[in-house]
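Reviewing the structure listed below.
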Amino acid sequence: MDTKKRKTKDKGKDKDKDKVPVEYAEWSSEEEEVAPILPKSLKVTITMSSANNPSSSSSSSLMTEHFKDKEFSYLTLKPDHATRPFWVCPDGRIFLETFSPHYQQAYDFAIAISEPIARPPMIHEYRITDVSLYAAVSIGLSTEGIIRALNRFSKVEIPKTVESWVR
């Protein structure tokens with residue numbers, strides 16, 4: 001709504017209604033100053049090399065090429081996966097759902113056996129490392145106990161790479 005239209009529209013009804021709110025007036029004046037510097041139209045051209053072009057003879061797409069070592073869609077979920085808070089990946093990463101009813105137990109276990117990578121509000125990421133496993137064993141956790149707890153908390157079967165690494 002234009003400030004001038006508002007003033008003329010409300011004139012004569014009430015003295016207080018004739019005034020434009022300060023926030024609205026400031027916003028209107030900023031809009032007038034910014035508008036001339038914005039481009040009227042923008043043309044964007046995206047080109048892809050033939051190696052990443054899906055229509056080329058190469059069967060790999062850009063996404064597959066970029067995420068090839070981080071794609072875990074082949075992992076099968078356990079039947080009761082909805083009640084479990086962990087996703088254990090073959091590369092040693094653990095994703096913890098903070099909204100799980102078993103979050104606090106899983107969190108304590110994840111801190112004991114892995115290093116935190118990122119902890120946004122809904123899903124935390126941890127990485128199992130040689131140093132974190134050494135620290136877990138030094139506080140009294142056994143390798144078999146770690147594997148049992150990973151199996152208990154994990155939504156997917158524990159990858160053989162992680163199991164052999166822990167042992």
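Note that the numbering runs from 1 along the sequence shown for the chain.
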Show me the donor-acceptor pairs, under 3.5 Å and distance only, between side chains in residues 155-167 and residues at least two apart or in other chains.
from	atom 1	to	atom 2	distance (Å)
K155	NZ	H81	O	2.8
K155	NZ	R84	O	3.0
K155	NZ	E97	OE1	3.3
T161	OG1	P90	O	2.9
E163	OE2	R167	NH1	2.9
S164	OG	K160	O	3.1
S164	OG	T161	O	3.1
W165	NE1	D130	OD1	2.8
R167	NE	E144	OE2	2.9
R167	NH2	E144	OE1	3.2
R167	NH2	E144	OE2	3.3

(request) Check whether L133 and I139 end up in the same hydrophobic cluster, where Ile, Leu, Val, Met, Phe, Trp and Tyr are linked by side-chain heavy atoms less than 4.5 Å apart. (result) yes
(request) Evaluate whether atom CZ of F99 has more than 12 neighbouring non-hydrogen atoms of other residues, nucleotides or ligands under 6.0 angstrom away. (result) yes
(message) To the nearest 0.5 Å, what is the distance between CG on L141 and CZ on R148?
(response) 10.5 Å
(request) Applying side chain to side chain contact (heavy atoms under 4.5 Å, CB included), run through N151 and V88 and close with a yes or a no. (result) CA-CA 9 Å; N151 268 319; V88 180; over 6 Å; no
(message) Filter on ring-ring contact (aromatic ring centres under 6.0 Å, His included), then keep only pairs touching residues 110-132, sequence neighbours left out; what's left?
(response) Y103-H124
(message) Quick check: do S154 and W87 have side-chain heavy atoms less than 4.5 Å from each other?
(response) no
(request) Return the minimal non-hydrogen interatomic distance between C89 and F95, and the atom names on each side. (result) SG-CE1, 3.7 Å
(message) Checking the side chain of S114 only, and the main-chain atoms of A110 only, is there a donor and an acceptor separated by less than 3.5 Å?
(response) yes
(message) I need the minimum non-hydrogen distance between T83 and H102, along with the two atoms involved.
(response) O-CD2, 3.1 Å
(message) Please determine whether side chain to side chain contact (heavy atoms under 4.5 Å, CB included) holds for the pair F153 and Q105, giving the CA-CA distance in whole Å, both sets of side-chain angles, and the decisive distance to 0.1 Å.
(response) CA-CA 9 Å; F153 289 128; Q105 293 172 335; 4.0 Å; yes
(request) Would you please say whether a donor-acceptor pair under 3.5 Å links the side chains of T129 and E115? (result) yes
(request) Would you give the length of the straight line joining atom OG1 of T143 to atom CD1 of I113, rounded to the nearest 0.5 angstrom? (result) 12.0 Å
(message) Assess the residue pair F109 and L150 against the criterion (side chain to side chain contact (heavy atoms under 4.5 Å, CB included)); give the C-alpha distance rounded to whole Å, side-chain angles, the decisive distance to 0.1 Å, and a yes or no.
(response) CA-CA 9 Å; F109 178 68; L150 281 172; 3.8 Å; yes
(request) Identify whether I111 and M122 are in the same connected component of the hydrophobic contact network (ILVMFWY, side-chain heavy atoms under 4.5 Å). (result) no
(message) Rounded to the nearest 0.5 Å, what separates atom CG in L96 from atom CD1 in I123?
(response) 9.0 Å
(request) Would you mind checking if K78 and D80 are paired as a salt bridge, meaning a charged N to carboxylate O distance below 4.0 Å? (result) no
